[in-house]
Amino acid sequence: MNTHSLLPPASCPLPFFVTRLGSMSKYKGYDQILHALVKVRSYLPNVHFILAGKGDDIPRVKALVTNLNLQDCVTGV
């Protein structure tokens with residue numbers, strides 16, 4: 001089976017959303033998502049990750065986005 005035929009067209013954006021950015025939050029899944037996004041982009045180059053919300057963890061998340069070179073496909077930080 002050709003799995004590439006199951007992918008949407010490259011012109012179709014693939015947004016992902018996360019809404020918690022406080023360091024006090026127990027949920028830290030956006031770190032894992034950002035690390036996974038590096039690999040996801042090799043299969044879905046049109047993927048775009050949207051981080052929405054406020055919190056004191058934003059500077060750390062911004063640094064992670066920069067470290068992973070994801071500035072062009074992450075919005076909200």
Side-chain angles (χ1 to χ4, degrees):
M1 172 187 248
N2 180 1
T3 56
H4 290 288
S5 65
L6 301 175
L7 299 176
S11 61
C12 180
L14 298 169
F16 290 95
F17 298 89
V18 168
T19 59
R20 291 199 111 153
L21 292 173
S23 63
M24 299 302 287
S25 172
K26 298 267 185 207
Y27 180 70
K28 293 290 188 184
Y30 47 81
D31 286 18
Q32 293 173 340
I33 293 169
L34 290 171
H35 283 283
L37 192 57
V38 174
K39 292 181 183 179
V40 168
R41 287 179 72 187
S42 66
Y43 296 99
L44 302 169
N46 223 24
V47 70
H48 196 88
F49 187 51
I50 301 168
L51 289 161
K54 298 178 182 177
D56 57 350
D57 208 22
I58 291 174
R60 188 188 63 79
V61 175
K62 280 184 178 182
L64 180 58
V65 168
T66 300
N67 270 353
L68 296 173
N69 197 28
L70 295 173
Q71 302 92 318
D72 62 332
C73 70
V74 175
T75 301
V77 293

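We use all heavy atoms of the structure for the numbers below, so side chains are in, but hydrogens, waters and symmetry mates are not.
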Practice problem: Dump the intermediate steps for side chain to side chain contact (heavy atoms under 4.5 Å, CB included) on R41 and N69, then the final yes or no. | Solution: CA-CA 11 Å; R41 287 179 72 187; N69 197 28; 5.8 Å; no

Quiz item: Minimum heavy-atom separation for V47 to C73, with atom names?
Solution: O-CB, 3.5 Å

Practice problem: Give the C-alpha distance, both sets of side-chain angles, the deciding distance and a yes or no for side chain to side chain contact (heavy atoms under 4.5 Å, CB included) between D31 and R60. | Solution: CA-CA 10 Å; D31 286 18; R60 188 188 63 79; 3.0 Å; yes

Self-check item: Stepwise side chain to side chain contact (heavy atoms under 4.5 Å, CB included) check, L34 with V74
Solution: CA-CA 9 Å; L34 290 171; V74 175; 3.9 Å; yes

Practice problem: Starting from the C-alpha separation in whole Å, work towards a yes-or-no answer on side chain to side chain contact (heavy atoms under 4.5 Å, CB included) for F49 and L70. | Solution: CA-CA 9 Å; F49 187 51; L70 295 173; over 6 Å; no

